[in-house]
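Since the structure comes first, as structure tokens, the remarks are kept for the end.
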Amino acid sequence: MQSGQQQARRKNAQVLDGSDIRELVENEGAFAKFVENKFRHLDADGDGRLSLRELQPAVADIGAAIGLPARGSSAQADHIYSEVLNEFTHGKQDSVSKPEFQHVLSDILLGMAAGLKRDPIMILRMDGEDLNEFVESTAYEAEAVAIFSQIESGSALLRQCLPAALRQLTVDHGMPPASDSLVMEKVIEPALQELPADQLDRPASQEVFFQEFKKYLAVIAQRLQECPVIVAHTENTFDGAGIRKILSKKFEFDKLLDSVWVDVPKEHKDGTSKKYLRVALDKLAASVNLPPYGAVDQVDAVVNEAFKMANADDGKAVDEAEFKKLLTEILGAVMLQLDGNAIAVSTNTVLHEPMSTSSTLLSPSPSPPTVSSPSE
């Protein structure tokens with residue numbers, strides 16, 4: 001159950017659920033004006049088509065909107081940038097027309113909207129208020145004792161214990177991610193320097209820790225008041241409900257299996273290999289409220305167990321009927337595991353750039369309608 005403080009934070013947070021994006025795309029007139037404005041801005045030579053070079057800013061901004069690092073930062077991110085460019089050009093054209101640009105941009109934005117509807121993002125402004133409330137609450141003493149018991153090593157100095165204790169706090173306490181470089185540089189390290197050095201070099205008994213940690217948090221709250229931190233917060237619970245829902249709709253589920261089967265590589269005339277079951281499950285993930293394989297370790301463990309139970313990792317050849325049967329069995333096994341032991345996951349990402357400038361493609365501009373992006 002959420003505390004009153006948690007409920008207040010949720011209530012006051014800016015929630016990005018994709019509704020603004022869907023509303024824009026589904027309003028034909030507004031979206032046409034939006035595309036007209038963006039296309040004109042990108043079409044540097046004014047020839048009515050976007051060259052590969054002119055498309056690059058749009059691709060970069062889409063990457064920023066979905067949270068990718070800058071191009072050149074990682075091979076994985078660069079691959080995604082290339083895939084986005086290929087969506088516009090189909091991998092063959094050297095330029096795209098305005099209708100082609102509008103069609104692909106519509107698909108991309110609707111995909112982003114669907115992702116936000118499934119996993120809304122809460123934008124939290126951490127300004128020290130919630131942290132002060134935690135420090136002054138009746139819950140502080142019990143939580144501080146529990147934290148000390150986890151980090152206490154017998155001979156550790158207060159200078160070592162305080163930062164370690166800070167990493168045990170979450171946004172529910174009013175603390176932004178302590179591991180983030182911006183939070184470390186602007187908040188944590190300056191706050192530690194404000195504490196007396198002779199105090200920090202004392203052994204960390206429980207009594208000393210309790211008093212000094214409270215002082216440390218008060219200084220951090222003051223730093224946050226002077227330098228607020230913006231955090232993108234997501235929560236999701238994987239409980240098997242999405243699988244149960246789709247399995248209960250036979251016609252819809254059969255169509256989903258058909259669409260997945262069409263995309264599976266066929267290694268021989270009558271079928272394929274079991275090794276593509278994991279690929280197929282990933283294609284189904286969004287439709288059954290599962291994360292992509294590799295995204296959540298706890299869910300991966302459940303999926304691995306389901307594959308083991310279905311003997312689905314031996315790489316043997318199967319025909320269409322057997323492939324679909326195995327996929328259904330795997331989904332059923334995952335559903336039963338999650339139903340009895342739901343997995344809750346939350347992520348917190350510090351936004352290092354102002355929200356309004358994180359993506360020039362999807363940010364408000366003077367004339368066209370506005371659209372919110374996941375990075376805003």
Side-chain angles (χ1 to χ4, degrees), residues 1-3 5-23 62-69 74 76-77 80 108-127 130-131 167-183 224 228-243 245 282 284-303 334 338 341-356 358-359 362-363 371-376:
M1 181 179 293
Q2 289 180 334
S3 67
Q5 182 179 340
Q6 288 173 307
Q7 291 172 342
R9 177 174 62 74
R10 299 289 193 272
K11 182 178 179 181
N12 296 327
Q14 177 189 354
V15 180
L16 305 180
D17 61 1
S19 56
D20 288 345
I21 299 178
R22 284 192 301 277
E23 184 178 341
I62 289 171
I66 61 178
L68 291 179
S74 75
Q76 184 179 14
I80 296 174
I108 290 174
L109 292 181
L110 287 176
M112 291 166 58
L116 284 170
K117 182 179 181 180
R118 185 174 64 252
D119 301 313
I121 296 174
M122 284 184 284
I123 303 300
L124 309 175
R125 187 176 187 271
M126 323 271 331
D127 59 4
D130 288 343
L131 187 58
R167 291 193 287 272
Q168 304 297 315
L169 300 183
T170 70
V171 294
D172 287 328
H173 300 98
M175 183 66 205
S179 59
D180 181 82
S181 60
L182 181 144
V183 177
L224 287 172
V229 174
I230 306 301
V231 176
H233 174 77
T234 64
E235 297 177 352
N236 206 337
T237 299
F238 303 105
D239 58 5
I243 301 175
K245 182 178 180 181
D282 255 5
L284 290 173
S287 301
V288 296
N289 191 31
L290 286 178
Y293 189 80
V296 180
D297 290 343
Q298 303 97 310
V299 178
D300 288 350
V302 172
V303 170
V334 171
L338 294 177
N341 187 21
I343 296 170
V345 178
S346 68
T347 60
N348 298 286
T349 305
V350 175
L351 303 183
H352 288 210
E353 298 179 1
M355 291 189 292
S356 61
S358 56
S359 171
L362 301 173
S363 63
V371 56
S372 299
S373 78
S375 62
E376 294 182 345

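When a residue number appears, it is its place in the shown sequence, counting from 1.
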*CD1/I21 to CD1/I108 distance, rounded to the nearest 0.5 angstrom?*
11.5 Å
*Are more than 12 heavy atoms from other residues, nucleotides or ligands located less than 6.0 Å from atom CD of Q298?*
yes
*Qualifying residue, where the test is side-chain contact (heavy atoms from CB on, under 4.5 Å) with P176 and the options are L124, V171, L224*: L224
*asked:* Which residues pass the side-chain hydrogen bond (donor to acceptor under 3.5 Å, both in side chains) test with D239, not counting sequence neighbours?
replied: none
*asked:* Testing the basics here: between V299 and F238, what is the closest heavy-atom pair and its distance to 0.1 Å?
replied: CG2-CD1, 3.8 Å
_My understanding is that only residues two or more places apart in sequence, or in another chain, count here; which of them pass side-chain hydrogen bond (donor to acceptor under 3.5 Å, both in side chains) with D180?_
H352
*For A285 and P291, which heavy atoms make the closest approach, and how far apart are they?*
CB-O, 4.1 Å
*Heavy-atom distance under 4.5 Å between the side chains of M175 and V183, does that happen here?*
yes
*What pair of heavy atoms forms the shortest contact from G174 to D130, and how long is it?*
CA-CB, 3.7 Å
_For a 4.5 angstrom cut-off between non-hydrogen side-chain atoms, does V334 reach V288?_
no
*How long is the span from the CG atom in D20 to the CG atom in L109, to the nearest 0.5 Å?*
12.0 Å
*Just by modelled atom types, is the Y293 backbone N or O under 3.5 Å from a matching donor or acceptor in the D282 side chain?*
yes
*For M122 and E235, what are the C-alpha separation, side-chain angles and deciding distance, and is it a side chain to side chain contact (heavy atoms under 4.5 Å, CB included)?*
CA-CA 9 Å; M122 284 184 284; E235 297 177 352; 4.2 Å; yes
Just list the side-chain donor-acceptor pairs under 3.5 Å for residues 341-351, sequence neighbours left out, or say none.
| residue | atom | partner | partner atom | Å |
| --- | --- | --- | --- | --- |
| T347 | OG1 | T234 | OG1 | 2.3 |
| N348 | OD1 | H233 | ND1 | 2.5 |

_Please enumerate all residues that pass salt bridge (Lys or Arg N to Asp or Glu O under 4.0 Å) together with D127, with sequence neighbours excluded._
R125
